[in-house]
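Encoded as structure tokens, the structure appears first; notes follow it.
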Amino acid sequence: MIMNINEIIHPEDAKALKALKSIPALPTVMEKIFQYGYDEILWSENVTTNLRLSEAQMPEVFNRLPPICERLGIPVPELYLQMSPLPNAWTSGHKKVYIVLTLGLIRRVKNEELDAVLAHECGHILCQHVLYQTLANAIFMFGDAMADSLIGTIGNAAMKPIRQALLVWSRASELSADRVACIFSPALTLSKVLARMELIPKAIVETMDFDAWSQQGRDYEALRKGSAWNKIVHWLSDSDATHPYAPVRVCEAMKWEKTETCNLLRTAPFTIEYDTTKSGTKQIEETNAEAKDSKNWNVSNITKNIEINSIIPKFKGFKK
């Protein structure tokens with residue numbers, strides 16, 4: 001079965017990405033990011049501080065990843081374990097894609113729930129989110145030094161819409177990745193994962209009414225269709241969030257699970273088809289010819305004010 005990627009991507013994701021790509025300054029910002037060598041610096045930080053998993057290193061975790069990748073038709077990314085007690089997972093790397101799980105996550109999430117997390121992260125790869133995740137990580141994690149540099153390049157007025165558009169897109173992209181997770185696991189399983197990520201105690205998670213939690217998400221989203229004041233409240237609540245609220249994600253996953261597309265993807269072999277035009281305005285013109293050969297990804301190209309040891313990918317993650 002051939003399935004077009006647009007049948008999987010959430011409409012809010014497609015809408016937000018279109019708005020992001022319409023910002024004229026985006027290619028300039030992208031070029032600047034890759035001139036800094038952010039992608040390679042972050043991978044270097046990751047490979048030197050986290051544990052790379054394999055068939056020999058924690059195979060009980062790693063071996064759950066290849067079957068998911070095979071079914072999705074994507075290469076198996078590198079998988080790392082970060083020794084953080086906070087439960088989280090994220091995907092990063094434009095040139096070398098990798099997934100990071102935290103110790104706090106694998107202590108709370110087991111078996112098919114772990115499959116849901118891995119499938120969610122692979123969903124970001126399948127939906128071609130990683131380029132824009134790298135951009136978002138760079139802009140929000142390098143801090144004031146990068147912001148000042150970029151503002152000097154394109155102007156403060158141009159940076160504000162890029163920041164806001166990235167936040168809107170980031171929230172929407174999680175809904176697409178959750179759809180991919182639901183190909184491999186019931187929405188109820190994903191819902192339990194989200195509850196655990198919210199640090200809800202195990203005893204409560206096991207007795208929760210997830211339909212009722214989903215209703216909370218529907219009630220919140222109903223603000224969009226309410227009065228002008230309700231819409232303002234909804235916008236203010238979301239304005240700085242990188243992820244949708246957990247009840248909203250549960251609600252969206254349960255709706256997707258009932259669709260014919262989800263059921264087809266669960267039950268039949270499939271191949272994902274992409275549009276002939278490359279995602280991301282030809283991936284921002286092949287990421288501006290890899291930032292004009294990336295200036296050889298030289299660390300000396302990074303502004304002196306940036307502390308490399310402070311670069312932590314907090315912006316993206318399974319959890320906000």
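As the structure is a prediction and not an experimental result, all values here were calculated from the model.
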*Find the distance between CD1 (I99) and CG (L81) and round it off to the nearest 0.5 Å.*
13.0 Å

*asked:* For a quick test of reading the model, state the closest non-hydrogen atom pair linking L194 to W213 and the distance between them.
replied: C-CH2, 4.2 Å

*Nearest non-hydrogen partners of R108 and P85, listed with the distance*: NH1-O, 3.4 Å

_Euclidean distance, L65 CG relative to L79 CG, rounded to 0.5 Å_ = 5.5 Å

*Would you say the side-chain atoms of E78 and W43 include a donor-acceptor pair closer than 3.5 Å?*
yes

*Salt bridge present between R249 and D178 (N-O < 4.0 angstrom)*: yes

*Decide side chain to side chain contact (heavy atoms under 4.5 Å, CB included) for V97 and I74; before the verdict, give the C-alpha distance in whole Å, the side-chain angles of both, and the deciding distance to 0.1 Å.*
CA-CA 11 Å; V97 180; I74 62 174; over 6 Å; no

*In sequence, state the C-alpha distance, the side-chain angles, and the governing distance for C69 and I125, and then conclude on side chain to side chain contact (heavy atoms under 4.5 Å, CB included).*
CA-CA 10 Å; C69 296; I125 300 170; over 6 Å; no

*asked:* N4 vs D275, test: side chain to side chain contact (heavy atoms under 4.5 Å, CB included). Steps then yes/no.
replied: CA-CA 8 Å; N4 190 284; D275 293 335; 3.6 Å; yes

*State whether the side chain of S214 and the backbone N or O of F210 hold a donor-acceptor pair below 3.5 Å, judged by distance alone.*
no

*Does any N or O in the side chain of T271 come within less than 3.5 Å of the main-chain N or O of I2, such that one atom is a donor and the other an acceptor?*
no

*Linked, directly or transitively: Y274 and L72 (ILVMFWY side chains, under 4.5 Å)*: yes

_Check this for me, if you would: do R196 and E206 make a salt bridge, where the nitrogen-to-carboxylate-oxygen distance has to be below 4.0 angstrom?_
yes

*Starting at CG of L265, measure out to OG1 of T259 and round the result to the nearest 0.5 Å.*
8.0 Å

*Do side-chain atoms of Q216 reach the backbone of P247 as a donor and acceptor pair under 3.5 angstrom?*
no

*Could you give me the CA-CA distance, side-chain angles and deciding distance for K21 and W169, then say whether side chain to side chain contact (heavy atoms under 4.5 Å, CB included) is met?*
CA-CA 10 Å; K21 291 192 293 186; W169 170 78; over 6 Å; no

*Does any N or O in the side chain of T207 come within less than 3.5 Å of the main-chain N or O of I204, such that one atom is a donor and the other an acceptor?*
yes

*So do the side chains of R52 and Q57 get within less than 4.5 Å of each other, counting heavy atoms only?*
no

*Would L264 and F184 show up in the same hydrophobic cluster when neighbours are defined by side-chain heavy atoms closer than 4.5 Å?*
yes

_Cationic N near anionic O, under 4.0 Å, K110 to E113_ = no

*Which atoms form the tightest heavy-atom contact between L101 and I106, and what is the distance?*
CD1-CG2, 4.2 Å

*Would you check if E257 and P186 make a side-chain contact, meaning some heavy-atom pair closer than 4.5 Å?*
yes

*In Å, rounded to the nearest 0.5 Å, how long is the span from NE2 of H129 to CD1 of I9?*
5.5 Å

*Sub-4.5 Å side-chain heavy-atom contact between E45 and I41*: no

*Does the pair R218 and E221 meet the rule for a salt bridge (charged side-chain N to carboxylate O under 4.0 Å, His left out), with working shown?*
CA-CA 5 Å; R218 284 193 291 273; E221 287 298 285; over 6 Å; no

*Taking all atoms of both residues into account, what is the closest heavy-atom pair of N88 and T102, and its distance?*
N-OG1, 2.9 Å

_Point-to-point distance, once rounded to the nearest 0.5 Å, from NZ of K192 to OG of S185_ = 11.5 Å

_More than 12 heavy atoms of other residues, nucleotides or ligands under 6.0 Å from CZ of R266: yes or no?_
yes

*Indicate yes or no for a side-chain donor-acceptor contact from S170 to the backbone of L166 under 3.5 Å, with no hydrogens or angles considered.*
no

*Between the side chains of D219 and Q215, is a donor N or O closer than 3.5 angstrom to an acceptor N or O?*
yes

*Kindly give the heavy-atom pair with the smallest separation between W256 and T261, and that separation in Å.*
CH2-CG2, 3.6 Å

*Is there a path from L175 to L190 through hydrophobic residues (I, L, V, M, F, W, Y) whose side chains come within less than 4.5 Å of each other?*
no

*Considering non-hydrogen atoms only, spot the tightest contact between P24 and P27 and give its length.*
O-CD, 3.3 Å

_I want to check something: taking the side chain as every heavy atom from C-beta on, are L118 and L114 in contact at a cut-off of under 4.5 Å?_
yes

*asked:* For residues L86 and L103: do they belong to one hydrophobic cluster (side chain heavy atoms under 4.5 Å, members Ile, Leu, Val, Met, Phe, Trp, Tyr)?
replied: no

_H120 versus E174, side-chain donor and acceptor atoms under 3.5 Å_ = yes

_Within this structure, what is the CD1-OG distance for the pair I5 and S176, rounded to the nearest 0.5 Å?_
8.0 Å

_Do H124 and E121 make a side-chain contact, defined as non-hydrogen atoms from C-beta onward lying under 4.5 Å apart?_
yes

_Taking the side chain as everything from C-beta on, heavy atoms only, tell me whether T49 gets closer than 4.5 Å to M83._
no

